[in-house]
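Below, chain A is the first sequence line, B the second, and so on; all start at residue 1.
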2 protein chains.
Amino acid sequence: MKPLKITIDVVAQKAGVSKTTVSRILNGNYAHTSEKTRNRVLQVMKELDYRPNALAKGLKSLRTDVIGILLSNLKNPFWATVLEGVEDACRASGYNLMICNSDEDPELEFQAIRQLQMRQVDGVVMNPTMRNPNLYRKLVEDAYPLVVMNRRVDDLGAQSVVVDNVKGASLAVEHLLRCGKRRPAVCYYANPGVTTWQDRVEGYRLAMKSHGYGEHDLRVVEAEQSPNAVKHAVLELMKKHPDTDAVFSTNNMMTLEVIEALKELGLRIPADVAVLGYDDTVWAKHMDPPLTTVRQPGYEMGKIAANLLIQSIRDGGHPAADPVVLQPELVIRRSCGWQSS
Amino acid sequence: MKPLKITIDVVAQKAGVSKTTVSRILNGNYAHTSEKTRNRVLQVMKELDYRPNALAKGLKSLRTDVIGILLSNLKNPFWATVLEGVEDACRASGYNLMICNSDEDPELEFQAIRQLQMRQVDGVVMNPTMRNPNLYRKLVEDAYPLVVMNRRVDDLGAQSVVVDNVKGASLAVEHLLRCGKRRPAVCYYANPGVTTWQDRVEGYRLAMKSHGYGEHDLRVVEAEQSPNAVKHAVLELMKKHPDTDAVFSTNNMMTLEVIEALKELGLRIPADVAVLGYDDTVWAKHMDPPLTTVRQPGYEMGKIAANLLIQSIRDGGHPAADPVVLQPELVIRRSCGWQSS
DNA sequence: TTGAAAGCGCTAACAC
DNA sequence: GTGTTAGCGCTTTCAA
């Protein structure tokens, strides 16, 4: 005797109704169904522990209640936070989540989107590598439900949620200056096209200029995203400009190396050189000294992105709204010294 | 004129063959197909940018090439590492990944499994909350493809991959002793049923005893998983046993609080009290002092778990193999002082 | 209020 | 080597 799969048919049969009726009840389509049958069917479902096959449902209804998330980096804990936000939003709305990782590789990004589409996910939220402009454009042309997070893809017309990075950097620079620092530098990863870092450098530039600094007063250090590259870059910086009295680091992993370099040089933080980092990670407050950082609302970004997507799936079509821009926030600890006022 | 969905039928039609033929070619079933037709069909697929509907395929073939991952905590960066391993393994084998988070809640864990099953995933890899024994048992009774990670569920008969936590703790204690410490304490989270922490405490106990310590020499401090609980517990410990000269912290987040507490007391690390942490996180080597830790192969755990699962899906039935046990490794830095030999 | 029947897009016997 | 056909388990007109 074989185990017999519990399908809608066996429920219908056992309840003595047609599968149409079962289907209606399954979908809360109670309008045309008597309470008596409804209860009987519900009862049978419970007894049989009936689990509707989502594949069959999706095939017919053209909706799977699954969305895809496409990240570009799982190594940075920031993304775990974002993921948590997305996951929570999905669960709250009855969606499931399919996860892909492009690892900043445009080819993998391309493949991931393809896979997600073949799997008929209802939409995708992604942090784009920025290296597949045609792909992004195609998606919005096809009116594919899409929300872009974290990085700006200009003139795309897709829904997006980002954090104001220019603002974040301004907050940082302003704070450094208020703490009496006069020669702040900024450090960022070389990754052409990625707006987050561009914007943070731009924010540094703007804030500096608004305080009377000229172009040649700026100290902008670029580093590859490879082991010790940041450390070397900072060592270099301090050799070339020994009077540098603050480093604004635009990435959370980067900050760790910046501090390492400074300590190696025997410099005291913040007395000799202040350090201001990006992302208020779990470890920031436990560093020595406790790190002053620009906090990004990662969880919120994920949650909002997912909710926007779900909403646009449900309402159909999304009127290419303005980007949602979230505000960063300065978390002041001890790595920049004391504000003078 | 409507956009016309590209199905196997339109490919077949355009190529002038039946959909059977297209299906065969799609699945690399080249045995019974002439090279000529094959090329023509492949060509047409390309031209049409044909994307087979995975729902239809799965409905018919009873395999989706999707597996589920069920985590219990996204906040701890350790799990991002594990996730990365799982993701890589999936990509390499042509699987997609559906992700769920139980957040240590048995009810959510139950729901997640249900969802994954309705979605017809081919199998699940999970870090169990340990609070749903019946659920776990049911799954293996039903011969549902399942791999359990990280935590031991005794006598379950499911495939599993874990790290040797007793060993990890021994490594830690031995090192502390070698560094000349004489009164080491251990700190762990109160979470009944979770074997990881139990095993680490057990490892501490065993190692201590093998060095001639008696039961009353052990200093085992338990803390709730809530803000500052660890800090208070450590403060308490140092008050009660001021001669404690080392703390072995069994969790990466916990370690941060341990250090905070110690510093607050004006104790020097490692001169006064050594600290040895669990999990070699990205930040460990940048702490002050750089942290000596027990490294767990998280990425490997994820990758191996996923590969085991995929293999057992492909081979059908899994002969309830012995658990794969991975070895932890001591990463020596400066937070425990110097070894005496 | 309920049911019959026609698919959704694919796979896999089985025939030719 | 290729095609015919009968479903997979559900939703959804349309009719009763």
Exercise. Rounding to a whole Å, what distance do you find between A/K5:NZ and D/dG7:C1'?
Worked result: 12 Å
For this session: Assign A/T21 to base, sugar-phosphate, or nothing according to its heavy-atom contacts below 4.0 angstrom with the strands shown.
Result: sugar-phosphate
Problem set entry | Interface limits on DNA chain C, where chain B has a heavy atom under 4.0 Å of a nucleotide atom | C/dG9 to C/dC14
Exercise. Between B/T33 and D/dT2, is there a side-chain N or O to OP1/OP2 distance below 4.0 Å?
Worked result: yes
Exercise. What is the distance from CD1 of A/I25 to P of D/dT11, rounded to the nearest Å?
Worked result: 12 Å
Problem set entry | Rounded interatomic separation in angstrom, taking NZ from A/K60 and C1' from D/dG9 | 11 Å
For this session: Go through the N and O atoms of the side chain of B/R24 and the base of D/dG1, and report whether any donor-acceptor pair is under 3.5 Å.
Result: no
For this session: For A/Y50, report the nucleic acid contact type (base, sugar-phosphate, nothing); a contact means any heavy atom under 4.0 Å.
Result: sugar-phosphate
For this session: Look at all strands and tell whether B/T20 reaches a base, only sugar-phosphate, or nothing, counting heavy atoms closer than 4.0 Å.
Result: base
For this session: Can you pull out how bent the helix from C/dT1-D/dA16 to C/dC16-D/dG1 is, comparing the axes over its first five and last five pairs, to 10°?
Result: 30°
Exercise. NA contact type, A/S23, heavy-atom cut-off 4.0 Å: base, sugar-phosphate, or nothing?
Worked result: base
Problem set entry | Pair of N/O donor and acceptor under 3.5 Å linking D/dT12 base with A/S61 side chain | no
